[in-house]
Amino acid sequence: MRKLIPFFLALVFNSALAQAQSLSQSLENARMKQQPASNAPRTAIKPVLVIHGGAGTILKKNMSPEKERAYMEALKAALEKGYSILKNGGSSLDAVEAAVNVMEDDPLFNAGKGAVFTHEGKNELDASIMNGRTLAAGAVAGVTTIRNPITAARAVMEKSSHVMMTGRGAEEFAKQQGLTIVDPSYFYTEDRWQGLQRVKKQDSMKTELDHGNKPTSGLRQPENRDSKYGTVGAVALDAQGNLAAATSTGGMTNKRFGRVGDSPIIGAGTYADNNTCAVSCTGWGEYFILLVMAKTVSDMMEFGHFSLEKATNEMVMKRLGALGGDGGLIAVDKDGHIAMPFNTEGMYRGYIDKDGKVTIKIYKD
Ligand code: ASP
């Protein structure tokens with residue numbers, strides 16, 4: 001009997017793997033049927049990469065030259081890492097994951113190391129990734145020990161039959177996949193800790209009267225919130241014409257009760273479809289969820305025949321604000337057009353366009 005145990009374990013493992021592969025495989029097959037091979041000669045596609053490091057109250061007058069330089073350099077490093085993959089014929093998926101990994105490892109951003117703190121003083125991370133070629137997607141939410149949540153999201157997409165995993169289960173899965181697991185203290189940064197103390201102090205100074213704010217959406221607004229969103233994201237078009245999107249975050253400072261924002265929700269914070277565009281969002285997550293932001297942009301292009309610019313402007317500059325929310329997004333369409341609208345003071349953002357030209361910006365133009 002003892003001898004049979006490893007045999008049974010192997011059987012169970014193999015069947016789990018087969019089941020996992022069948023989801024990606026069936027998505028792949030379905031897409032192949034939808035998109036019959038064309039005999040028309042394809043002109044060479046020039047890759048494009050766009051990234052963001054969060055939107056919010058980012059004002060030049062509050063920024064020291066050193067801090068500004070540090071952000072510019074960090075964004076450049078992420079762009080270069082991702083673009084080097086695209087330039088060598090690599091996939092948009094590899095490029096967005098690599099660019100996001102760089103920002104997750106950089107304490108300047110609210111993702112991976114540098115993530116904001118929850119009300120209880122913990123770091124709970126969310127991330128998602130989507131493959132525009134197959135519509136396969138993966139996400140993790142509320143994880144506390146995975147060094148690079150975006151890599152875990154990709155593992156969920158490629159190595160499991162699920163789309164989203166949360167908390168301890170996601171961590172166990174990441175461990176099984178051989179991803180880097182860290183002690184929760186790895187995510188601590190003094191800056192973010194002080195940010196939590198500030199928000200909590202403002203909270204305690206609020207009077208009963210101040211609590212009457214009524215947002216247009218009916219959402220109860222947090223009395224105080226950090227007005228800077230440092231979530232990171234990347235979208236890319238590769239030389240094969242495939243789109244991908246990725247988003248990773250620590251969420252919002254002082255979040256409570258296992259709150260999950262838009263970033264790990266496919267269709268809200270992240271979406272990619274080769275027929276339309278790839279989108280990654282940043283901002284007040286609750287509103288992005290209500291607007292199903294990323295997928296709505298895609299739908300406006302697919303069914304309403306909007307251009308990328310028109311669809312993203314309509315959603316971010318009109319609908320988001322009308323509902324009482326703020327933030328921005330980055331997007332690239334199947335023809336390599338880029339959009340980066342935001343309705344906040346600034347958004348850390350950058351791109352490398354079809355001609356290989358690097359552009360990095362922080363404030364409103
Ligand atoms: N959208 C993120 C969230 O609500 C926050 C951010 O963009 O920084 O969790």
Side-chain angles (χ1 to χ4, degrees), residues 51-58 71 74-75 100 103-104 106-119 122-129 139-144 149-150 153 164 166 187 189 191-192 195-196 199 215 217 219-222 224-235 245-271 279-295 297 315-316 320 323-331 340-349 362:
I51 62 168
H52 71 77
T57 315
I58 307 164
Y71 273 108
L75 290 166
V100 167
M103 294 186 280
E104 283 179 333
D106 191 323
L108 282 176
F109 302 103
N110 171 20
K113 185 160 183 71
V116 297
F117 284 91
T118 65
H119 184 76
K122 286 171 54 185
N123 305 104
E124 295 178 354
L125 316 175
D126 305 330
S128 66
I129 192 163
V140 293
V143 296
T144 59
I150 201 65
M164 188 182 224
T166 67
F187 297 107
T189 56
D191 244 31
R192 299 297 188 194
L196 175 66
V199 172
S217 65
L219 255 191
R220 182 175 158 75
Q221 310 200 0
N224 278 297
R225 59 189 180 89
D226 197 352
S227 48
K228 293 181 293 306
Y229 309 107
T231 290
V232 307
V235 294
T247 313
S248 182
T249 189
M252 284 173 78
T253 304
N254 204 27
K255 64 183 180 181
R256 302 191 74 176
F257 311 117
R259 178 264 189 192
V260 174
D262 60 312
S263 309
I265 298 180
I266 296 302
T270 305
Y271 201 74
V279 181
S280 168
C281 303
T282 174
W284 194 340
E286 278 70 8
Y287 291 92
F288 285 74
I289 296 173
L290 296 177
L291 287 167
V292 197
M293 181 64 87
K295 174 71 158 85
V297 167
M315 288 306 293
V316 175
L320 179 63
L323 207 61
D326 60 5
L329 60 77
I330 52 167
M340 308 188 294
F342 54 94
N343 71 352
T344 48
E345 300 295 343
M347 180 165 85
Y348 299 110
R349 61 203 189 278
I362 298 179

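Numbering of ligands and ligand atoms starts at 1, following listing order. Position 1 is the first residue of the sequence, and the numbers go up from there. For clarity, every value in this text was computed on a predicted model and none was experimentally measured.
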- Can any side-chain N or O of R349 pair as donor or acceptor with the backbone N or O of I51 at less than 3.5 Å? no
- Query: Between E124 and T118, does any side-chain donor sit less than 3.5 Å from a side-chain acceptor?
  - Reply: no
- A55 contact mode with ligand 1 (heavy-atom cut-off under 4.0 Å): neither
- Does ligand 1 have an atom that lies less than 4.0 angstrom from a heavy atom of R259? yes
- Message: I'd like to know if the side chain of D126 and the backbone of P264 have a donor-acceptor N/O pair within less than 3.5 Å.
- Response: no
- Query: Looking at M252, which atoms of ligand 1 are within less than 4.0 Å of one of its heavy atoms?
  - Reply: 4 (O)
- In terms of heavy-atom contacts, D326 and T344 come closest through CB-CG2, 3.9 Å
- Query: Can an N or O of T231 be found at a distance shorter than 3.5 Å from an N or O of ligand 1?
  - Reply: yes
- Can you list the atoms of ligand 1 that are under 4.0 Å from a heavy atom of D262? 1 (N), 2 (C), 3 (C), 4 (O)
- Message: Using a 4.0 Å cut-off to any heavy atom of G230, which atoms of ligand 1 qualify?
- Response: 8 (O)
- Query: Is the closest N or O pair between C281 and ligand 1 shorter than 3.5 Å?
  - Reply: no
- Just by distance, with hydrogens left out, do S280 and T247 show a side-chain donor and acceptor under 3.5 Å apart? yes
- So the atoms of ligand 1 within less than 4.0 Å of a heavy atom of G251 turn out to be 5 (C), 9 (O)
- Task: Would you check the N or O atoms of G283, main chain and side chain alike, for any that come under 3.5 Å of an N or O of ligand 1?
- Result: yes
- Query: NE2/H52 to CE/M103 distance, rounded to the nearest 0.5 angstrom?
  - Reply: 7.5 Å
- Message: Classify the ring geometry of Y71 against Y348: parallel below 30°, tilted from 30° to 60°, perpendicular beyond 60°.
- Response: parallel
- Query: Short list, please: which atoms of ligand 1 are under 4.0 Å from a heavy atom of T282?
  - Reply: 6 (C), 7 (O), 8 (O)
- Query: If you round to the nearest 0.5 Å, how far is CG of N110 from OG1 of T253?
  - Reply: 6.5 Å
- Query: Among the heavy atoms of S263, does any lie under 4.0 Å from an atom of ligand 1?
  - Reply: yes
